[in-house]
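Residues take their numbers from the sequence shown, with the count starting at 1. Both ligands and their constituent atoms are indexed starting at 1 by order of listing.
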Amino acid sequence: MASHEIKTVTLIGAGKLANHLGNALKKHGFGIPQVYNRTPSQGQRLAKKLNATYTDDLNKLSFKSDLFIIAVTDRAIPEITGRLSLDGELVVHTSGTVAMSVLSKTTQRSGVLYPLQTFTGKGLVSFQKIPVCLEAAQENDLRLLADLAGKISEKIYFINSERRSYLHLAAVFAANFPHFLHTVAADLMKEHNLPLEMVRPLILQVARNTRYEDLFDLQTGPAVREDFPVIEQHRCLLSDHPEYQKIYDLITNSIIQYKKNHE
Ligand SMILES: NC(=O)c1ccc[n+]([C@@H]2O[C@H](COP(=O)([O-])OP(=O)(O)OC[C@H]3O[C@@H](n4cnc5c(N)ncnc54)[C@H](OP(=O)(O)O)[C@@H]3O)[C@@H](O)[C@H]2O)c1
């Protein structure tokens with residue numbers, strides 16, 4: 001029987017997202033009766049934090065929940081859903097890439113709650129400004145999810161599985177790749193005894209520049225200037241790092257090509 005409001009949430013998974021989301025839900029008054037996790041240490045730790053009970057047995061999930069959130073690693077979602085029998089219950093996963101249909105055999109009341117943010121093991125992220133993408137098989141469940149998400153975040157979006165997969169792809173370019181490039185910068189700086197803090201204002205300014213619409217107009221550096229002597233100098237400096245040199249060439253050529261295509 002569908003409820004009129006979500007008050008209680010069971011967490012399936014106790015990784016990075018489950019920790020952040022569980023914390024946000026608790027802070028906003030939701031009850032977390034139970035946490036499932038394959039590995040007891042992680043699951044028990046999160047359950048304790050949320051005043052929940054812990055189980056490592058999917059057959060022992062309590063049905064006293066208005067919502068079940070599957071927050072396990074993407075590859076494990078089909079396996080977990082295959083072992084769950086929650087017909088009549090509202091069940092969502094939190095993945096950017098996995099289609100909602102993965103839940104079709106688990107329940108008719110399936111959905112997705114995908115927060116577009118990077119959650120790490122360090123610090124707790126405030127959900128208030130995080131875009132939360134929602135999808136549900138049934139209209140009433142979409143309303144229930146929107147009510148819940150609206151309590152933890154100001155930014156709710158209704159995005160179907162196909163568009164969500166493009167959003168996730170864009171997020172990889174927006175976050176995961178730049179993060180790796182920051183790691184490369186940090187490596188080079190460390191190797192040449194330059195303090196990492198010197199580059200932090202630059203990284204923060206680049207992030208702030210995303211408030212403008214036409215991002216390519218704000219591109220600076222030798223590639224967009226087609227300053228080939230400097231590009232060649234950089235390539236020589238990277239001769240001991242062939243992997244970094246490949247990245248340098250690929251991105252430099254992409255910038256030059258993008259500029260040509262948009263002239
Ligand atoms: N982290 C983010 O930035 C972020 C952002 C948005 C959405 N998401 C989504 O949130 C979900 C969880 O991601 P995460 O970053 O929180 O992952 P994570 O920190 O790596 O945690 C993975 C979780 O999945 C469980 N798990 C892995 N393989 C399993 C299996 N075969 N059977 C049962 N449980 C298994 C782990 O249990 P054990 O403790 O037993 O290993 C753990 O609870 C994913 O769908 C991800 O796409 C993550």
Among [options], whose heavy atom sits nearest [atom]?
{"atom": "atom 44 (C) of ligand 1", "options": "T39, D74, V35, I80", "result": "D74"}
{"atom": "atom 11 (C) of ligand 1", "options": "I12, T73, V72", "result": "V72"}
{"atom": "atom 14 (P) of ligand 1", "options": "N19, V125, L17", "result": "L17"}

Please check whether [X] reaches ligand 1 - meaning an N/O of the residue sits under 3.5 Å from an N/O of the ligand, judged on distance alone.
{"X": "Q42", "result": "no"}
{"X": "A14", "result": "yes"}
{"X": "F119", "result": "yes"}

Checking S153 side chain against G150 main chain: does a donor-acceptor pair fall under 3.5 Å?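 A pair under 3.5 Å: no.
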Closest protein heavy atom to atom 7 (C) of ligand 1, given as residue, atom name and distance to 0.1 Å: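 For atom 7 (C) of ligand 1, the nearest protein heavy atom is T94 O, 3.2 Å.
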Among residues at least two apart in sequence or on other chains, which ones pass side chain to side chain donor-acceptor pair (under 3.5 Å) with Q205?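 For Q205 the side chain to side chain donor-acceptor pair (under 3.5 Å) partners, ignoring immediate neighbours, are R208, N209.
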Which segment of R75 sits under 4.0 Å of ligand 1 when only heavy atoms are counted: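 Neither; nothing of R75 gets under 4.0 Å from ligand 1.
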Quick one: which residue pairs count as a salt bridge (Lys or Arg N to Asp or Glu O under 4.0 Å) with a foot in residues 160-170, not counting sequence neighbours?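 Counting only pairs at least two positions apart or across chains, the salt bridge (Lys or Arg N to Asp or Glu O under 4.0 Å) contacts touching residues 160-170 are E135-R164.
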How about CD on E139, more than 12 heavy atoms from neighbouring residues, nucleotides or ligands closer than 6.0 Å, or not?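 Not more than 12 within 6.0 Å, no.
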